[in-house]
Amino acid sequence: MQHPSGRMSDLHTSSRFEPSDALPRPRRPARRGLLRSMFFQAEAEVTQEQGQALARIVLAALGTLLFFMARQFGYGDQPLLVALAYMLASFFYLSFVSRNKERYLWRRYVLILLDLAVATYITAYFSSAGLAFYPLFLWVMIGNGIRYGERCMQFATLFGLLSFSGAMAISGFLWEHPGTYLGLMIGLVLMPKFFMVMIDRLSAANIELKVQKEQAEFMATHDVLTGLPNRAYLHTRMEQTLADAKRTDTQVAVAFIDLDSFKSINDSFGHEYGDFLLCQVADAMRGVLRAGDTVSRLGGDEFVVVVEDSDDGVRVSRVIERLFSCVGRYYTIGEYETYVTWSCGVAVYPRDGTDIHSLLKHADTAMYAAKSQGTNRFAFYDAAMSARVGEQLALRDDLRQALDRDQLEVYFQPIIDVHTGRVVSAEALLRWHHPQKGTLSPVCFIEVAEQSGLINPIGEWVLREALRMAVRWRAQSASDFKVHVNVSAHQLRQAGFEGLVASSLRSAGLPSQTLELEMTESALIEDSARTGALLEALKAIGVKIALDDFGTGFSSLSYLKSLPVDSIKIDKSFIDDLPAGGRSGALVESILMLGKRLDNHIVAEGVERQAQLEWLIAHGCRYLQGFHFSPPVPMERFLALAGTRFEISSAYQPPRRADWAQRSH
Ligand code: C2E
Ligand code: CA
Ligand code: CA
């Protein structure tokens with residue numbers, strides 16, 4: 001697509017505000033005159049110097065007329081001749097500056113000398129008029145000085161003083177009134193200086209005004225923090241872009257970008273750091289966009305990129321790819337390093353909307369859909385998305401009220417020690433009794449809770465409920481037990497999380513080893529430096545750590561070695577395949593062996609069938625959890641069940657176990 005030249009660079013927004021340090025020269029208004037046809041091209045503007053020459057010609061013509069008439073009354077020919085000569089010289093000057101536009105700087109000195117010569121002549125000739133022509137000298141000196149600058153001013157002052165003295169000497173004034181003459185000389189020296197200073201001051205004030213005006217304009221159209229264009233500017237820009245696209249029948253992509261979990265970064269590190277991060281992100285974005293693409297900040301952590309001429313979507317994908325690769329990375333904020341990812345939704349003109357409002361709305365919808373699929377993703381808008389996103393948004397609104405309206409409840413699921421058949425721990429699992437949808441598993445709403453930041457208050461509440469149950473359990477049981485609480489990545493990023501855990505334990509009056517926090521590998525990997533420190537802090541309190549859903553993430557062994565993990569929970573998907581599953585079986589076996597070597601407790605999740613149980617026991621898995629024993633149940637029911645001794649019978653004999661034992665001898 002062709003951009004009208006100029007507009008692109010004017011509007012491309014990536015520059016921060018920099019006031020220009022000099023005033024542009026005002027353009028001279030065009031002056032048309034009698035002599036135009038002689039010296040000027042038809043449409044060309046009359047320059048400043050041509051204008052001055054013309055003024056001199058007119059003055060000289062008037063003088064000629066005057067002296068011509070004066071001659072009738074007995075004055076001599078001389079003044080008339082001088083006026084004619086001056087007019088002739090002015091013609092020469094005019095023709096000279098018309099041809100050699102900017103080349104010969106000395107022409108200005110010639111003009112000054114010419115003017116001074118005439119002033120001297122007139123003053124000397126009309127000596128009877130006293131000092132009436134003194135202003136002529138001032139005019140030559142100040143006028144030329146202001147017009148042509150410091151050097152010309154000095155030149156004009158020097159020769160002005162000489163010629164004025166000459167005129168005074170010729171007229172005899174100098175000898176008659178030397179004091180007055182001296183005063184006038186001082187005036188001639190000081191006045192041009194005075195004018196120069198005044199002009200400097202005025203133009204400085206003018207520059208300041210202009211800077212202020214530019215600044216005000218900038219503030220009205222740009223975001224003060226990042227220097228990116230703001231919403232108002234985006235609208236103006238999009239209006240033009242869409243009009244162009246309509247005319248040229250091209251497409252425009254609008255990408256709505258939102259940082260993932262910016263809120264928790266803000267909460268954990270403080271607003272100053274959040275602002276700093278936004279600036280870094282804005283800079284990174286500016287760096288990868290082409291002139292013609294606009295990036296603007298709508299507010300908060302929301303950015304909009306408008307990409308023109310995206311006829312096949314390939315360019316848009318490429319631009320977004322570039323943005324992802326430059327922005328999704330580690331950012332250093334003070335002493336912290338945090339990994340920032342973002343989600344992006346794209347709507348395309350004219351397919352997804354023909355006006356600014358609907359394009360932005362649909363891009364936002366697509367962004368929300370992308371975000372609900374996980375972090376660091378982008379999605380193009382489609383109509384079905386609107387419905388899905390609408391549902392999610394409704395769910396989010398409902399969830400806001402769920403806590404206040406007592407719709408949340410924590411269920412507990414027992415974890416059994418196969419050595420004794422007794423319940424040794426309980427996993428706290430959240431339930432939402434939704435008024436329309438019935439009882440919901442966190443699978444349906446944990447994402448919404450994370451995106452909206454509700455996960456922090458909800459997680460805090462779950463922790464308190466779990467500890468409340470533990471207090472009651474302790475009152476009815478003499479043996480040691482643990483309560484497992486799931487913690488999401490968002491909670492780990494919450495500032496002061498360890499303090500929250502410590503104070504909750506304290507106010508419940510429970511020993512800290514009663515609590516075991518379950519977190520997934522992906523939550524830990526997200527910001528390794530910080531989570532490492534956090535885990536150490538939690539360990540220092542005495543809290544236990546479990547690695548949840550093990551096997552589904554990176555399952556890096558070096559990770560297991562370096563992190564202070566107490567237990568590992570083998571993901572249900574591996575247990576499902578038992579006892580037959582070849583690869584799963586091998587994997588579970590090796591996790592069990594690893595657990596033994598690293599002295600970790602291994603918990604098998606989702607044990608549903610007797611056969612699974614037998615296989616697991618035969619392979620040395622000590623802790624089991626699953627529907628085979630009990631589904632998650634409300635607190636009262638769990639407390640009733642906590643003392644149960646489960647019947648564990650394992651008739652299972654692993655086929656190769658004997659061989660293996662023999663081989664190891
Ligand atoms: P998870 O931590 O892997 O929890 C185990 C899930 O497996 C639970 O689902 C549990 O009900 C289910 N489960 C246990 N045994 C069996 C079984 O034998 N068969 C089958 N089919 N399922 C079994 P639930 O309660 O729906 O929770 C789902 C996920 O939601 C949890 O997965 C956990 O990641 C998350 N979650 C639950 N409560 C909380 C919470 O309070 N905070 C946070 N951040 N996440 C939570
Ligand atoms: Ca769990
Ligand atoms: Ca799990």
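First listed ligand is number 1; within each ligand, the first listed atom is number 1. In what follows, every heavy atom counts, from backbone to side chain, and hydrogens, waters and symmetry copies are set aside.
- In this structure, Glu450 contributes its side chain and His490 its backbone to no donor-acceptor pair below 3.5 Å.
- Using a 4.0 Å cut-off between a side-chain N of Lys or Arg and a carboxylate O of Asp or Glu, Glu636 and Arg472 qualify as a salt bridge.
- Of the charged side-chain nitrogens involved, at least one lies within less than 4.0 Å of a carboxylate oxygen, so that Asp283 and Arg286 count as a salt-bridged pair.
- The shell of residues lying under 4.0 angstrom from ligand 1, judged by heavy atoms, excludes Gly459.
- Residue contacts with ligand 1: His628 is excluded, as none of its non-hydrogen atoms falls under 4.0 Å.
- For ligand 1, the atoms lying closer than 4.0 Å to a non-hydrogen atom of Val607 are 18 (O).
- With a 4.0 Å cut-off on non-hydrogen atoms, Ile446 touches ligand 1 through its side chain and not its backbone.
- For the 3.5 Å distance criterion, the side chains of Arg622 and His419 qualify, holding a donor opposite an acceptor.
- For ligand 1, the atoms sitting less than 4.0 Å from at least one non-hydrogen atom of Ser441 are 24 (P), 26 (O), numbered in the order shown with element in parentheses.
- Taking every heavy atom of Pro632 and a limit of under 4.0 angstrom, the matching atoms of ligand 1 come to 11 (O).
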### Query
Between Glu498 and Val543, is a side-chain contact (heavy atoms from CB on, under 4.5 Å) present by the stated rule, with each step listed?
CA-CA 10 Å; Glu498 62 272 31; Val543 170; over 6 Å; no
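- Shortest non-hydrogen contact noted between Pro564 and Leu535 is CG-CB, 3.9 Å.
- Polar contact with ligand 1: present for Gln413 (N/O pair, distance under 3.5 Å).
- Expressed to the nearest 10°, the angle at the Ca ion (ligand 2) joining OD2 in Asp548 with OE2 in Glu427 is 180°.
- Those atoms of ligand 1 that come under 4.0 Å of a heavy atom in Glu608, given as number and element, are 17 (C), 18 (O), 19 (N), 20 (C), 21 (N).
- Contact annotation: for Asp571 versus ligand 1, there are no heavy atoms closer than 4.0 Å.
- In Arg431, the CZ atom is crowded: over 12 heavy atoms of neighbouring residues, nucleotides or ligands sit closer than 6.0 Å.
- Using a 4.0 Å cut-off between heavy atoms, Asp549 contacts ligand 1 through its side chain alone, with no backbone atom that close.
- Contact annotation for Ser488 and ligand 1: heavy atoms of both the backbone and the side chain come within less than 4.0 Å of the ligand.
- Between Lys482 and Trp473, the closest heavy-atom pair is O-CZ3, 3.9 Å.
- Distances shorter than 4.0 angstrom occur between a heavy atom of Glu427 and an atom of ligand 1.
- Around atom 10 (C) of ligand 1, the closest heavy atom drawn from Leu429, Leu624, Leu408, Ile415 belongs to Leu429.
- Ion pairing of Glu465 with Arg468 is present here, as a side-chain N (NZ or NE/NH1/NH2) and a carboxylate O approach within less than 4.0 Å.
- Of the possible donor and acceptor atoms, one in the side chain of His362 sits under 3.5 Å from a partner among the backbone N and O of Asp352.
- Considering Tyr411, Phe629, Phe627 only, the shortest heavy-atom separation from atom 13 (N) of ligand 1 involves Phe627.
- Residue side and main chain included, Glu518 places an N/O/S atom under 3.0 Å of the Ca ion (ligand 2).
- Residue Gly626 has no nitrogen or oxygen atom sitting less than 3.5 Å from a nitrogen or oxygen atom of ligand 1, judged on distance alone.
- In summary, the side chains of Asp260 and Thr341 do present a donor paired with an acceptor at a separation below 3.5 Å, with no hydrogens or angles considered.
- At a 4.0 Å heavy-atom cut-off, ligand 1 touches Val462 through the side chain alone.
- The shortest N/O to N/O separation between Gln625 and ligand 1 does not fall below 3.5 Å.
- Between Gln612 and Glu608 the shortest heavy-atom distance is OE1-N, 2.7 Å.
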